[in-house]
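Shown next, in structure tokens, is the structure this report addresses.
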Amino acid sequence: MSVLDPTVPPYTAEEVTPLKPPAGDDLLLHKNLQDGEFWRRIPAYRDIDETTFLDHIWQGKNSVINADRLIATIADLAPPEFIADAREGFKRAPMAVRVSPYIMSLINWEDPYLDPIRTQFIPVASRLEADHPMLTLDSLHEQDDAPVPGLTHRYADKALFLPLNTCPVYCRYCTRSYAVGLDTDEVEKVHLGIDPRRWARAFKYVASRPELEDIVVSGGDTFQLAPRSLEQIGETLLKMPNIRRIRLATKGPAVMPMKILSHAEWTDAVSHLAEMGRKLGKEVVLHTHFSHPNEITAISARAMQVLFERGITVRNQSVLIRGVNDNPETMRVLVKRLGHINVHPYYVYLHDMVKGVEDLRTRLQAALDIEKYVRGATAGFNTPVFVCDAPGGGGKRDVHSFEYYDRENGIAVYIAPSVKPGQMFLYFDPIRDLAPEAQARWADPTLRQEMIQEARRRALSAAQ
Ligand SMILES: *Cc1c(COP(=O)(O)O)cnc(C)c1O
Ligand code: SF4
């Protein structure tokens with residue numbers, strides 16, 4: 001009897017011999033999103049109903065911006081030694097602190113030291129580490145590649161526009177701590193506030209460069225732009241014949257997803273631009289920034305569904321952060337969970353060399369290992385590329401593409417032939433992760449220079 005005979009079912013139960021054992025719960029973990037009124041665990045939010053919690057204005061007004069607010073919010077929940085430690089951390093942080101009630105509610109305050117979300121947003125003095133000796137404030141040299149303030153034109157066909165310098169929350173590890181957020185005790189910022197005259201200079205430059213096709217509107221964060229300003233920026237760029245693609249960058253979906261549900265004008269402004277772009281044959285998408293699976297809740301899923309129904313593509317860029325997602329299984333669940341809510345995992349960045357957050361960096365080797373584990377876990381188009389944004393302005397390089405990697409001394413060398421031909425770009429592993437002998441070499445300025453010269457020499461012969 002042929003299986004092509006339509007009267008015969010093609011398979012019977014006995015014929016289906018399972019080749020794989022049934023999937024364990026770990027393979028379904030990504031679908032298990034936190035739901036319900038989880039915020040009521042936090043003393044300050046015990047009486048907050050769903051309508052209030054989902055109101056983005058309430059979220060903004062009740063964000064934690066200093067140590068006193070932190071204590072008032074989590075009193076009796078977190079261990080007292082942690083609170084003292086955070087108070088000191090606030091004083092020493094290079095970034096301003098701002099944490100939304102949504103994010104506060106996702107932290108396990110009974111064990112805040114180990115919590116992956118606390119680690120990203122709330123500094124604690126006892127965990128800070130000395131900066132790497134090769135570290136500078138604007139390590140990506142965004143200002144060197146800026147023809148006008150707040151517009152970085154590094155790659156030939158794409159540029160980064162920073163219309164403002166505030167965000168709905170501040171990440172401790174922000175690469176733009178040179179500009180983003182308020183001045184802190186530690187750092188006085190380059191000022192890139194909302195300034196239509198500065199924007200006009202940036203637009204003029206973009207219009208004058210026919211090779212520019214792709215603009216990243218970032219910040220700060222486009223969540224903070226008034227809907228009218230967002231439309232104005234988007235429309236101005238879409239009307240330029242050279243521009244084909246616009247990305248609106250916002251951490252919003254990860255830290256205040258309710259805004260997409262409750263700030264209709266903002267969400268409508270994004271839809272309007274995406275639609276206007278489609279009619280012109282141009283792409284307008286959102287780029288967001290989830291870094292841990294716990295940041296994705298049922299609220300995030302609802303918000304992303306609104307954008308999905310409107311046909312708005314959302315891509316994600318994560319940062320590889322020590323103690324947050326530097327573990328292959330956590331990264332796999334993050335990638336799967338992003339796919340589950342229709343967000344495309346685009347990049348995972350090796351942590352930039354940023355001042356004051358050395359405790360958050362991993363070795364390049366961690367990125368190489370985790371990438372190997374994640375690739376193959378889901379659809380290829382939902383698998384992020386792991387990149388190193390090469391210090392010194394080389395741009396993003398596939399982490400695996402180094403010319404030379406001295407694992408012993410923690411020095412990786414990249415080249416970027418289509419970005420900055422003829423130059424080498426060096427990334428340095430955190431010194432804490434090196435063997436004691438290598439740590440001693442780094443302590444000696446002469447040996448330090450010799451190690452760096454040797455790595456450059458080897459990279460040069462490898463590249464030839
Ligand atoms: C990241 C970045 C871009 C966009 O790069 P993609 O690899 O296309 O995402 C553009 N300009 C600058 C300065 C950047 O840092
Ligand atoms: S949202 Fe982006 S720009 Fe803002 S603090 Fe975080 S990393 Fe920096």
Side-chain angles (χ1 to χ4, degrees), residues 63 93-100 103 117 120-121 123 138-147 150-182 184 187 189 192 202 206 209 211-225 244-256 283 285-291 295 315-319 321 324 344-349 351-352 354 356-357 360 384-398 416 418-420 425:
S63 291
M95 274 302 280
V97 176
R98 184 188 274 171
V99 191
S100 61
I103 284 292
I117 299 187
Q120 295 177 69
F121 301 103
D138 171 17
S139 86
L140 302 181
H141 290 215
E142 289 191 338
Q143 296 182 83
D144 292 356
D145 281 328
L151 186 89
T152 299
H153 186 191
R154 166 170 306 145
Y155 303 92
D157 79 343
K158 53 193 177 188
L160 173 67
F161 174 43
L162 309 177
L164 78 173
N165 59 3
T166 61
C167 302
V169 301
Y170 293 117
C171 316
R172 289 185 52 215
Y173 50 88
C174 183
T175 299
R176 293 197 193 110
S177 57
Y178 70 84
V180 164
L182 308 167
T184 67
V187 179
K189 315 271 169 172
L192 296 178
V206 173
R209 304 294 303 207
E211 77 277 27
L212 271 180
E213 299 180 1
D214 181 342
I215 306 295
V216 183
V217 182
S218 182
D221 192 303
T222 55
F223 235 45
Q224 302 297 104
L225 284 171
R244 307 290 308 161
R245 291 175 292 282
I246 298 175
R247 327 175 198 178
L248 306 171
T250 170
K251 196 168 169 71
V255 296
M256 211 186 276
E283 185 187 73
V285 305
L286 273 194
H287 272 207
T288 191
H289 181 183
F290 289 94
S291 290
E295 292 159 357
R315 303 193 190 108
N316 188 69
Q317 312 194 162
S318 304
V319 179
I321 310 166
V324 173
H344 297 294
Y346 174 39
Y347 280 148
V348 175
Y349 289 86
H351 198 298
D352 289 327
V354 179
V357 287
L360 300 180
V385 177
F386 284 61
V387 293
C388 171
D389 206 341
K396 300 164 188 73
R397 311 307 303 172
D398 181 326
S418 68
V419 186
K420 301 253 166 81
F425 301 92

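Whatever order the structure lists them in is the order used to number ligands and atoms, beginning at 1. All values reported here derive from a predicted model rather than from experimental measurement. Throughout, residue positions are numbered sequentially from 1 according to the sequence presented.
A search for side-chain contact (heavy atoms from CB on, under 4.5 Å) contacts involving R315 returns E283, V285, H287, T313, H344, Y346, not counting sequence neighbours. Here K158 pairs with nothing under the salt bridge (Lys or Arg N to Asp or Glu O under 4.0 Å) rule; sequence neighbours left out. Evaluation of the salt bridge (Lys or Arg N to Asp or Glu O under 4.0 Å) rule for R209 yields E211 as partners, not counting sequence neighbours.
Of the polar atoms of T152, none of the N or O atoms is found under 3.5 Å from an N or O of ligand 1, judged by distance alone. Between Y346 and ligand 1, a contact under 3.5 Å exists for at least one N or O pair.
Scanning the protein heavy atoms around atom 7 (O) of ligand 1, the nearest turns out to be Y347 OH, 2.5 Å. Looking at atom 15 (O) of ligand 1, its nearest protein heavy atom turns out to be K396 NZ, 3.1 Å.
Interatomic distance, F386 CZ to D398 CG, rounded to the nearest 0.5 Å: 10.5 Å.
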key: Test salt bridge (charged side-chain N to carboxylate O under 4.0 Å, His left out) applied to R154 and D144, step by step   = CA-CA 9 Å; R154 166 170 306 145; D144 292 356; over 6 Å; no

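Proximity of R315 to ligand 1, defined as any heavy-atom pair under 4.0 Å, is not found for any part of the residue.
Using modelled atom types and a 3.5 Å distance limit, the side chains of T152 and D145 yield no donor-acceptor pair.
Considering T222, I215, V217, D214 as possible partners of R247, the one that fulfils the side chain to side chain contact (heavy atoms under 4.5 Å, CB included) test is D214.
Taking all heavy atoms of R397, K158, H287 into account, the minimum distance to atom 6 (P) of ligand 1 is reached by K158. Of the candidates Q317, R245, R247, H153, the one placing a heavy atom closest to atom 4 (C) of ligand 1 is R247.
In terms of modelled atom types and a separation under 3.5 Å, the side chain of E295 and the main chain of S291 share a donor-acceptor contact. The backbone N or O of V255 lies less than 3.5 Å from a partner atom in the side chain of S100, making a donor-acceptor pair.
If you number the atoms of ligand 1 from 1 as listed, the ones under 4.0 Å from a heavy atom of Y155 come out as 2 (C), 3 (C), 10 (C), 11 (N), 12 (C), 14 (C).
Sorted by chain and number, the protein atoms of type N, O or S within less than 2.8 Å of atom 6 (Fe) of ligand 2 are C171 SG.
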